[in-house]
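Atoms within a ligand are numbered from 1 in the order they appear, just like the ligands themselves. These numbers come from the heavy atoms of this one structure, side chains and all, not from hydrogens, waters or symmetry mates. Since the model is a prediction, treat every value here as computed from it, not as a measurement.
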Amino acid sequence: MIVIENPIPNLEEKINSTSNDDIISFIRNIFNVPQGQVPLHAPLFIGNEKKYLEECIDSTFVSSVGKFVNLFEERIADFTGAKRAVVCVNGTNALYLSLILAGLTHNDEALTQPLSFIATANAINYCGATPVFLDVDRDTMGMSPEALEKFLSEETIVRNGECYNKKTGKRIRVCVPMHTFGHPCRIEKIASICEEYRIVLIEDAAESIGSYYKGQHTGTFGRIGIISFNGNKTITTGGGGVLLFNDEDLAGRAKYLSTQAKVPHQWDFFHDEIGYNYRMPNVNAAIGVAQMENLEFYLKRKRILASKYREFFKNKSIQFFNEPENCSSNYWLNAIIFDSKRERDLFLSVTNGQGIMTRPLWTLTNKLPMYENCQRDALVNSSWLEERVVAIPSGVIL
Ligand SMILES: *Cc1c(COP(=O)(O)O)cnc(C)c1O
């Protein structure tokens with residue numbers, strides 16, 4: 001039998017693998033998991049979740065009518081400072097519904113970032129519209145106001161109060177920036193550009209509950225903002241989402257469309273347009289109300305975790321991703337930046353091989369087969385980040 005010896009690793013690799021081991025033991029230590037799996041972001045149920053669920057079941061109101069649904073909406077509105085919140089079954093359909101409400105329709109275009117979870121582009125597609133992909137800022141991982149301004153000034157024209165793409169002739173109805181990993185993008189600048197070009201701003205704040213730009217909660221800068229309560233987000237309802245409004249009438253319309261567009265009546269079933277069954281069930285909202293009671297505590301703990309990571313990566317070749325200027329981030333997912341894709345890939349393979357769940361950024365949406373023909377700018381920062389950023393375990397530590 002021929003034994004092939006392992007090649008001697010070069011010096012560079014040796015340094016990297018030792019520091020990867022240091023990172024792994026640091027992570028095991030802070031999460032207090034000496035062996036086995038360290039998840040990326042496990043949900044935490046330490047409050048009234050079971051109590052409210054039991055109450056909900058005992059009441060028999062388990063579907064979309066019930067006290068927890070209304071209570072959850074009030075709590076979210078209070079917390080975010082939005083005038084009204086309308087909950088629905090998940091973040092993806094919250095986004096879809098908000099685009100319908102914004103008037104995005106067949107043959108329109110929507111400006112967004114390719115560095116996002118697939119749901120952002122898919123929600124645009126469900127409307128029969130096409131995304132146009134614009135670059136992000138390196139220090140926020142969210143849409144770059146400069147990229148937005150450049151595209152709009154060079155490629156579009158405003159006619160009769162609406163913005164049109166000169167190349168395709170299509171109307172650009174909405175702009176959908178995303179607050180990546182909970183870090184707010186430069187949303188104030190984006191909002192003022194959108195206003196100038198008569199484009200409706202819809203914020204994908206799916207990841208950023210508890211994140212603020214200049215003290216204002218993300219998701220409240222545009223016409224509508226959405227948050228996700230999927231199991232891996234900062235707080236969860238199992239599945240769930242919410243739309244945030246500053247416009248009461250629009251919120252009313254969201255609630256109406258998400259309940260099959262039923263005209264309110266004590267017994268008659270009359271629907272005067274095509275609606276959807278998107279209301280959040282009371283069982284999910286029961287969990288949500290309990291989660292909201294601990295949200296401030298979770299955020300505090302998450303910021304402590306982030307500061308521990310920041311301290312650990314100080315003066316190291318791997319850079320810790322800090323909250324942008326003028327912002328307070330929920331640090332939904334802590335992120336680190338490698339010097340090269342090679343080092344990043346090595347880290348992903350070593351950590352996941354040892355049960356530490358780490359993840360790269362999403363493949364840029366414009367590279368996926370469904371969206372590869374969409375218009376885009378050079379996406380320099382998006383591509384740079386895509387090759388280097390890794391999300392590391394970020395669940396709430398006690
Ligand atoms: C999680 C997420 C969504 C979708 O939320 P779901 O509740 O999983 O449907 C949308 N956009 C972004 C950026 C997300 O991270």
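- Between S228 and ligand 1, an N or O atom pair is found at a separation short of 3.5 Å.
- Every atom of ligand 1 with a heavy atom of N90 under 4.0 Å away is listed here by number and element: 7 (O), 9 (O).
- Protein heavy atom in closest approach to atom 1 (C) of ligand 1: K233 NZ, 1.6 Å.
- Side-chain contact, S144 with D135: no donor N or O sits under 3.5 Å from an acceptor N or O.
- Ring planes of W332 and H41: tilted class, angle from 30 to 60°.
- Ligand 1 has no nitrogen or oxygen under 3.5 angstrom from a nitrogen or oxygen of F117.
- Residue contacts with ligand 1, taken as heavy atom pairs separated by less than 4.0 Å, involve D204 solely via side-chain atoms from C-beta onward.
- For the 3.5 Å distance criterion, the side chains of Y52 and E293 qualify, holding a donor opposite an acceptor.
- For residues 344-372, the salt bridge (Lys or Arg N to Asp or Glu O under 4.0 Å) pairs, not counting sequence neighbours, are K341-D345, K367-E386.
- For atom 15 (O) of ligand 1, the nearest protein heavy atom (residue, atom name, distance) is E207 OE2, 2.5 Å.
- Close approach of ligand 1 to N230 is summarised as follows: ligand atoms under 4.0 Å from at least one heavy atom of the residue are 7 (O), 8 (O).
- When each atom of ligand 1 is checked for a heavy atom of A206 under 4.0 Å away, the hits are 2 (C), 3 (C), 10 (C), 11 (N), 12 (C), 14 (C).
- Proximity to S116 (heavy-atom distance under 4.0 Å) selects the following atoms of ligand 1: 13 (C).
- Counted by atom type alone, T168 and E109 present one or more donor-acceptor pairs between their side chains at under 3.5 Å.
- The aromatic rings of F26 and Y309 are tilted relative to each other, their planes meeting at an angle between 30° and 60°.
- Contact annotation: G240 has at least one heavy atom less than 4.0 Å from an atom of ligand 1.
- Ligand 1 places these atoms under 4.0 Å from at least one heavy atom of M178: 13 (C).
- Annotation: side chain of F229 is in contact with side chain of I76 (closest heavy-atom distance under 4.5 Å).
- Counting protein heavy atoms only, atom 4 (C) of ligand 1 is closest to T92 OG1, 3.5 Å.
- In this structure, N29 has no side chain to side chain contact (heavy atoms under 4.5 Å, CB included) partners at least two apart in sequence or on a different chain.
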